Number of protein chains: 2
Amino acid sequence: MRALAVEDDPRIAKDLHAALSAAGFRVEGTGDGEDAWFLGDTEDYDLVVLDLGLPKLDGLAVLKRWRANGRSMPVLVLTARGTWQERVEGIEAGADDYLPKPFRMEELIARARALVRRTGGHAAALQEAGDLSLDTNRMGVALRGVPVQVTALEYRLLAYLMLHRDRPVPPTELLEHLYGEDDAREANALEAVIARLRRKLGPGIIGTRRGFGYFLEAA
Amino acid sequence: MRALAVEDDPRIAKDLHAALSAAGFRVEGTGDGEDAWFLGDTEDYDLVVLDLGLPKLDGLAVLKRWRANGRSMPVLVLTARGTWQERVEGIEAGADDYLPKPFRMEELIARARALVRRTGGHAAALQEAGDLSLDTNRMGVALRGVPVQVTALEYRLLAYLMLHRDRPVPPTELLEHLYGEDDAREANALEAVIARLRRKLGPGIIGTRRGFGYFLEAA
DNA sequence: CCCGAACTGTCAGCTTGCCGTCAGGTTGCC
DNA sequence: GGCAACCTGACGGCAAGCTGACAGTTCGGG
């Protein structure tokens with residue numbers, strides 16, 4: 001996932017960069033309208049975050065030019081004053097979503113994710129829960145950015161927990177998902193997989209709620 | 001992929017020619033505006049690289065005449081001074097992309113590729129992953145520049161891995177791609193092809209992730 | 001039409017490392 | 001304290017994958 005962050009305020013730009021990176025985007029940034037237009041027109045991004053208040057070339061103008069040139073990547077527009085007027089302008093210029101300043105980074109990330117998922121068709125390739133991230137495209141797992149080698153079975157278990165990160169997943173369900181419902185295994189097989197994963201990932205990643213099931217901590 | 005390079009400075013023209021060739025284009029060139037206009041108007045190119053500072057007939061004029069005549073091939077414009085003014089002029093004249101001098105050849109190639117990809121052309125003719133490169137035009141494979149002879153089946157396998165170089169490709173998918181899904185083969189057939197390829201390419205090219213699939217290392 | 005060469009699927013035997021099972025421990029709940 | 005849920009280290013079976021050999025097929029040349 002490649003993102004372009006267009007923001008002239010260096011402090012916000014830095015935060016943006018950090019947040020988007022943490023969310024799994026490869027981020028490039030500029031605070032210059034001309035640059036932004038140029039980059040967005042020549043490179044392929046999965047997401048653009050665009051501030052409207054820019055020097056030289058206004059964000060709205062940049063956006064309009066992109067759209068006029070047939071560039072269709074999802075664009076999330078930021079604006080200082082969240083007036084209804086500006087919002088209409090943004091949408092008409094071709095923005096896919098809209099976020100008034102000031103905003104919390106969490107909200108921006110949430111919207112960015114939704115946008116990418118909505119437009120890209122395929123779900124975001126990178127899923128995260130706390131320190132854990134798994135790349136559903138290259139089937140890889142990373143802990144605080146450091147890749148961790150995981151077997152196919154372990155990966156499927158993690159992916160399932162990630163998918164249902166909002167609740168503890170009971171062992172029966174996991175067994176049924178990992179193996180067929182017909183292909184019976186002892187419950188202990190699952191516990192063994194969990195144990196091996198915990199050894200690889202360290203504590204604080206996979207939690208247990210006795211009687212309910214397993215879950216990803218800090219999800 | 002056929003490219004026309006319009007550039008009057010012989011030194012740059014030579015570099016252009018070399019770089020585009022290396023990128024898999026069949027290159028024709030001229031330094032004369034009238035020639036350029038004639039060629040672009042009568043021949044079919046997948047890409048035109050156009051310098052604006054030309055004798056006799058200015059690049060912008062050439063471009064405008066092409067467009068007025070309904071020629072729609074992608075045009076990458078080069079200019080000595082990357083001023084905003086000139087950019088606008090170039091874009092308005094119908095350029096698809098814009099590159100200010102001085103520039104690095106790598107950037108030009110990258111933009112040329114993006115342009116061709118964007119305008120519906122096929123992917124770049126030369127694809128690379130680490131030491132391995134394959135020429136999709138002549139169906140050739142090279143290792144650190146040294147050509148390696150591979151069979152048609154082996155080439156198709158490599159090409160598929162190259163196309164999906166960002167993820168491990170499971171054996172089932174490869175089997176389905178190499179043969180039809182109806183035309184069933186033993187899984188071992190694939191392993192045999194892999195083994196033969198590895199013998200030709202040496203270690204460190206085709207990797208295996210047990211349970212996930214095969215992939216190009218150093219991709 | 002025959003011969004040889006190149007290509008490729010199948011087979012058999014091997015290596016590797018995944019993971020299910022077992023046994024014994026620890027934790028939490030009643 | 002006792003039971004059930006859960007954890008963990010060790011071990012061995014076995015499936016995934018590797019490789020060399022061989023044969024069937026195709027194709028071009030003579």
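The shown structure was predicted, so the numbers you read here are calculated from the model rather than taken from an experiment. Computed over heavy atoms, backbone and side chain alike; hydrogens, waters and symmetry mates excluded. Just so we're on the same page: letters track the sequence lines, and every chain starts at 1.
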Counting side-chain heavy atoms from CB outward, which of [options] is closest to [X]?
| X | options | result |
| --- | --- | --- |
| B:Glu186 | C:dC11, C:dG9, D:dT19 | C:dC11 |
| A:Ala195 | C:dG20, D:dT8, C:dC7 | D:dT8 |
| B:Ala189 | D:dC18, C:dG9, D:dA16 | C:dG9 |

What's [X] touching, base or sugar-phosphate or nothing? Going by heavy atoms closer than 4.0 Å.
| X | result |
| --- | --- |
| B:Arg196 | base |
| A:Tyr214 | sugar-phosphate |
| A:Leu153 | sugar-phosphate |

- Query: Do side-chain atoms of B:Arg199 reach the backbone of B:Arg196 as a donor and acceptor pair under 3.5 angstrom?
  - Reply: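 Flag not set: sc B:Arg199 to bb B:Arg196 has no pair under 3.5 Å.
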
- Item | Any donor-acceptor pair under 3.5 Å from A:Arg198 side chain to A:Ala195 backbone |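 Not a single qualifying donor-acceptor pair exists.
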
- Query: What about A:Arg210, does its side chain sit under 3.5 Å from the base of C:dT27 through a donor-acceptor pair?
  - Reply: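 Such a pair exists between side chain and base.
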
In whole Å, I'd like the distance from the [atom1] atom of [X] to the [atom2] atom of [N].
| X | N | atom1 | atom2 | result |
| --- | --- | --- | --- | --- |
| A:Ile194 | C:dT26 | CD1 | C1' | 17 Å |
| B:Tyr179 | C:dC7 | OH | P | 14 Å |
| A:Leu190 | D:dT8 | CG | P | 13 Å |
| B:Glu154 | C:dT8 | CD | P | 6 Å |
| A:Glu191 | C:dT21 | CD | P | 12 Å |

- Message: Please compare B:Ala187 and B:Gln149 by the position of their nearest nucleotide in DNA chain C and report the one closer to 5'.
- Response: B:Gln149

- Message: Return whichever of A:Thr151 or B:Ala192 has its heavy-atom-nearest nucleotide of DNA chain C closer to the 5' end.
- Response: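 Mapping each residue to its closest nucleotide by heavy atoms, the 5'-most match is B:Ala192.
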
- Phosphate OP1/OP2 of D:dC18: any B:Thr208 side-chain N/O under 4.0 Å: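 For D:dC18, OP1 or OP2 has a side-chain N or O of B:Thr208 closer than 4.0 Å.
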
- Message: Between A:Arg199 and D:dG9, is there a contact of a side-chain N or O with OP1 or OP2 at under 4.0 Å?
- Response: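 Yes, within the criterion.
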
- Item | Salt bridge present between B:Arg144 and B:Asp131 (N-O < 4.0 angstrom) |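 A salt bridge is present here (some side-chain N lies under 4.0 Å from a carboxylate O).
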
